[in-house]
Amino acid sequence: MPPSNAKKELLESFLRTTDEFFSLNEFEELIDSKKKLRIKYGVDVTSPYLHIGHAVNLWMMRELQDLGHKVIFLIGDFTTQIGDPTGRNNTRPIIPQSEIDKNADEFIRQAKMVLRFDDPDLLEIRRNSEWFSKYNLSEFLKLLAMVTHSRLISRDMFQRRIKNQEDIYLHEMIYPILQGYDSYVLESDLTIIGSDQLFNEMLGRFYQQKFGQKPQVIITTKITQGIDGKAKQSKSLDNYIGLGHSSRDKFGRCMKVPDELIVDYLKIYTKISIEEISIIDKEIVKDPMKWKKFLAEEIIKRYHDEASATREREWFENTFSKKITPEDIPTMEVVDSQWIAIDLINKYFDNSKSNSEVRRLFKQGAVSINGKNIPLFDDTIDIAAGDVVKVGKRNWFKLNIISS
RNA sequence: GGGGAGGUUCCCGAGUGGUCAAAGGGAACAGACUGUAAAUCUGUCGGCUCAGCCUUCGAAGGUUCGAAUCCUUCCCUCCCCA
C-alpha cells in the first residue's frame, strides 16, 4: 500500500525537528494503525518557563492533535517533589505543593499558545499524584525488583557523578522508575521529548513491555544553541526566547541571535519550507540582518499574529536603525519644571538602580533630553511637558508636568 | 568514628599580613562602529553626601600600627578511610 499523503507530510514535517525515533518503524506502524494515539506529555513544573525550544515538541504534538490524536498533559506533581536529577550535577531542591500548582497554571497558560486545550478529546490533564500518592509499598517493591542497579547507574549523568565522586541520593535513582511507570499507567503510545529525557522514557518502554503493553514510541527532538550562541536555551542563562515574552521582546531577542544561527533557527523554529531555507542559506551572507528580521517576524507570527510581527519589525527599524524615538513610551509625571539631573533619572528608575550606577550612566554619556546629551549628573535642568528623556539604549520616557 | 580539602564581590576563579574594593574570565551595563538588541573595539562593573569616605572576602571573637590573608570557636560544603 503506498503511503498516504497525510502520513508522508507528517513524516517530513517530523523529520525536520526530530533527532531520533525509537523506532521509526514503530512510529510508522502507529500512524498506519489509524488508532487514536495517546501522546504522553510529562511536565516537570519546577519552573514554568517554556521557550521556543520546548515548543518544538509542542508543535509536533499539535500536528498530531490536528490529526485527531490525544495529548495527555501529565503534570508530574508527585515526581516534582523528588526532583528530576537529569542534567544536574547536584541534587535538585524540593519545592512545596502550592508552588507546584501555581507553576502548573502558568505552564498551561504558555502551552496554550501551541497546544489545543479546548477539546477533551484532544487533550486531557492528569497528575501523577493520582496514582503515586496512594501507591503501596509492596507494589512499589515489585517495580524495583524488575530493574537492576547497574541498569540504573548506567545513565550518563549518574556515571558522571560516580566518576566525580559525588553523591547520588536514592530518591534520584527512583525518579526514572516513576517516570517510566507513568507511561504504563497512561497507556502511552508515543512521547516526544528532549534527548535528556531518553533514559527515563526508555524505562517507560521497559515497564510497558513487562506489564504486557505495547511500548511507547519515543521521539527525541533537535536542540539548538541559545540566542547567545552558546549553551542550549535556559531560564538561568537568560538566553532563550520565551513563549511568555511579549512580541516586542521576542523580536529583540531574535535580533540577538548570532548571524550564523539564523538558518538553524529557521529550520527548527519556523515552518518555512526547506526549499526556501536553502535559498536563504545562500543569500544570507549578503544581508544577514534582513533574514534575521525575517526570522523574528516568522516566530512572532507563529505565537502571536501577522499584525504584531509587522508592528514589531517596524518598531525595531524605526527605533534602532532610524533612531526615531518610539511613540509608545511611558510618561512620567512630575511637579517641578526644574530638576537636578540625577534626581530626575533616579525618580524614573525608582530605586532599582543605585546612585552610583546612575552617576556612571551620566559619565558614560548615556543620558539625553530631546536628543541633547546631559553629561553632568548634578546639572540643574529645566524641563517642559513633552520632553523626551533617553537613558542608555533602550529606556525612554516622556515628561508631563502636573500642577501640585 | 578517624583523616583531609574548602567556603572570596552576579557566576567561575586568583589572592595567603600593608601597594586589595580585591587579578583573570563570563554575564551585565555604557560608548564607538555597524543595515542587526550579530560581530568588533573601548570603557564601566560594592555603596555613599564621590578626587574623599564607608561597608565587604561563611559567622562571631582575638592577635597586630595594619588581616580576605595569622589564631580561637562556631556554621556549612566536599573528599578519603573504617
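Only this structure's heavy atoms are used, side chains among them; waters, hydrogens and symmetry mates stay out. Each chain gets a letter, A, B and so on, in the order the sequences are listed, and its residues count up from 1. This structure is a prediction, so every number in the text was calculated from the model and none was measured.
In this structure B:G66 sits in no base pair that meets the Watson-Crick or G-U test at under 3.5 Å. Taking a pair to require two hydrogen-bonding distances under 3.5 Å in either a Watson-Crick or a G-U wobble arrangement, B:C57 remains unpaired. Pair check for B:G6 finds B:C76; Watson-Crick or G-U wobble, both atom distances under 3.5 Å. In this structure B:G24 sits in a base pair with B:C12, meeting the Watson-Crick or G-U test at under 3.5 Å. Across all strands shown, B:C81 is found opposite B:G1 as a Watson-Crick or G-U wobble partner, with both distances under 3.5 Å. Base pairing of B:U42 is made with B:A30, judged by Watson-Crick or G-U wobble geometry with both donor-acceptor distances under 3.5 Å. Pair assignment for B:A51 gives none, since no Watson-Crick or G-U wobble pairing has each distance under 3.5 Å.
Counting to the nearest Å, the P atom of B:A32 and the NZ atom of A:Lys323 are 8 Å from each other. If you take CD of A:Glu357 and P of B:C10, they are 13 Å apart, rounded to a whole angstrom. For A:Phe362 and B:G31, the CZ to P distance is 13 Å, given to the nearest whole Å. One interatomic measurement links the two molecules: NZ of A:Lys235 to C1' of B:C10, which rounds to 14 Å at whole-angstrom precision. At whole-Å resolution of the value, NZ in A:Lys353 and C1' in B:C45 are 12 Å apart. Separating the NZ atom of A:Lys393 from the C1' atom of B:G43 is a distance of 12 Å, rounded to the nearest angstrom. In this entry the distance linking CZ of A:Phe349 with P of B:C29 reads 12 Å, nearest Å. The distance from atom CG of A:Leu237 to atom C1' of B:C11 is 10 Å, rounded to the nearest whole Å.
Between the side chain of A:Arg394 and the base of B:A37 there is at least one donor-acceptor pair of N/O atoms closer than 3.5 Å. In this model, no side-chain donor or acceptor of A:Gln364 finds a partner on the base of B:G31 within 3.5 Å. Residue side chain A:Ser356 reaches the base of B:C50 through a donor-acceptor N/O pair under 3.5 Å, judged by distance alone.
Heavy-atom neighbours of A:Tyr240 OH from other residues, nucleotides or ligands within 6.0 Å: above the threshold of 12.
Note on A:Arg359: a side-chain N or O is less than 4.0 Å away from OP1 or OP2 of B:U49. Between A:Asn239 and the phosphate of B:A27, there is no side-chain N or O to OP1/OP2 separation shorter than 4.0 Å. In this structure, A:Lys363 does not reach the B:G43 phosphate: none of its side-chain N or O atoms is under 4.0 Å from OP1 or OP2.
If you check every strand for non-hydrogen atoms under 4.0 Å, A:Gly252 touches a base. Residue A:Phe316 is classed as a base contact, given a heavy-atom separation below 4.0 Å to a base.
Relative to the side chain of A:Lys292, the nucleotides B:A37, B:A38, B:G47 differ in distance, and B:A38 lies closest. Taking every side-chain heavy atom of A:Pro288 into account, B:U36 is the closest of B:C29, B:U36, B:C45. Ranking B:A38, B:C48, B:A30 by closeness to the A:Asn355 side chain, first place goes to B:C48.
With hydrogens and angles ignored, the 3.5 Å screen pairs no side-chain donor or acceptor of A:Arg126 with any backbone N or O of A:Leu74. For the pair A:Asn373 (side chain) and A:Gly365 (backbone), a donor-acceptor distance under 3.5 Å is present.
Rounding to the nearest 0.5 Å places CG of A:Leu123 at 8.5 Å from CD1 of A:Ile108.
Each of A:Met255 and A:Arg360 lies near RNA chain B, and the nucleotide nearest A:Met255 is the one positioned closer to the 5' end. With RNA chain B read from its 5' end, the first of the two nearest nucleotides for A:Cys254 and A:Asn395 is the one closest to A:Asn395.
If you check the side chains of A:Ser352 and A:Asp350, you find no donor sitting under 3.5 Å from an acceptor.
With a 4.5 Å cut-off on side-chain heavy atoms, A:Arg302 and A:Ile300 do not count as touching.
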